[in-house]
Amino acid sequence: MKKIKTIDDEFIAAAGLTQPDCKLLLTIVKCGLDMARATPEISSDWQVQVGVYTGPVVAGIVGDLKYQFDVWGDTVNVAARMAGACNPGA
């Protein structure tokens, strides 16, 4: 799994971009559940909402002064919407 970027309080990660993984979905879901379980132990002020979606993405390097790897597409958008629609800790 690779951290792609952080936007405000949103953390975006992707897996399986460069090499196939037959347990990819299981790895991603386990990571999200582990983060949701660990968060209350770190701080009672933090809340986690996890959105997972699989599918194709467009990936590449963006930027003029500071280059950054990023991903785009419906897959990214649906995962973000799922995270925004769920209850904290879910």
Using atom types as modelled, flag every donor-acceptor pair under 3.5 Å from a side chain in residues 80-90 to any protein atom, sequence neighbours excluded.
none

- Task: For Thr75, check side chain to side chain contact (heavy atoms under 4.5 Å, CB included) against everything at least two apart and list the hits.
- Result: Tyr53, Pro56, Val57
- Item | Exercise: identify the closest heavy-atom pair between Val76 and Trp72 | CG2-C, 4.0 Å
- Query: In the hydrophobic clustering that connects Ile, Leu, Val, Met, Phe, Trp and Tyr at side-chain heavy-atom distances below 4.5 Å, which members other than Met35 occupy its cluster, ordered by chain and number?
  - Reply: none
- Query: Atom CD1 of Ile28 and atom CG of Leu33: how far apart are they, to the nearest 0.5 Å?
  - Reply: 12.0 Å
- Test side chain to side chain contact (heavy atoms under 4.5 Å, CB included) applied to Lys23 - qualifying residues, sequence neighbours left out: Asp21, Thr27
- Message: Rounded to the nearest 0.5 Å, what separates atom OG1 in Thr39 from atom CG in Asp45?
- Response: 12.0 Å
- Query: Does the side chain of Val71 reach to within under 4.5 Å of the side chain of Val58, using non-hydrogen atoms?
  - Reply: no
- Query: Can you list the residues that meet the side chain to side chain contact (heavy atoms under 4.5 Å, CB included) rule with Ile42, with sequence neighbours excluded?
  - Reply: Trp46
- Heavy atoms only: give me the nearest Tyr67-Ile61 pair and the separation to one decimal. CB-CG2, 3.7 Å
- Query: If we only count heavy atoms from C-beta on, is the Val50 to Val29 side-chain gap below 4.5 Å?
  - Reply: no
- Does one hydrophobic cluster hold both Val78 and Val52, with members joined at side-chain heavy-atom distances below 4.5 Å? no
- Item | Partner set under side chain to side chain contact (heavy atoms under 4.5 Å, CB included) for Asp74, not counting sequence neighbours | Asn77
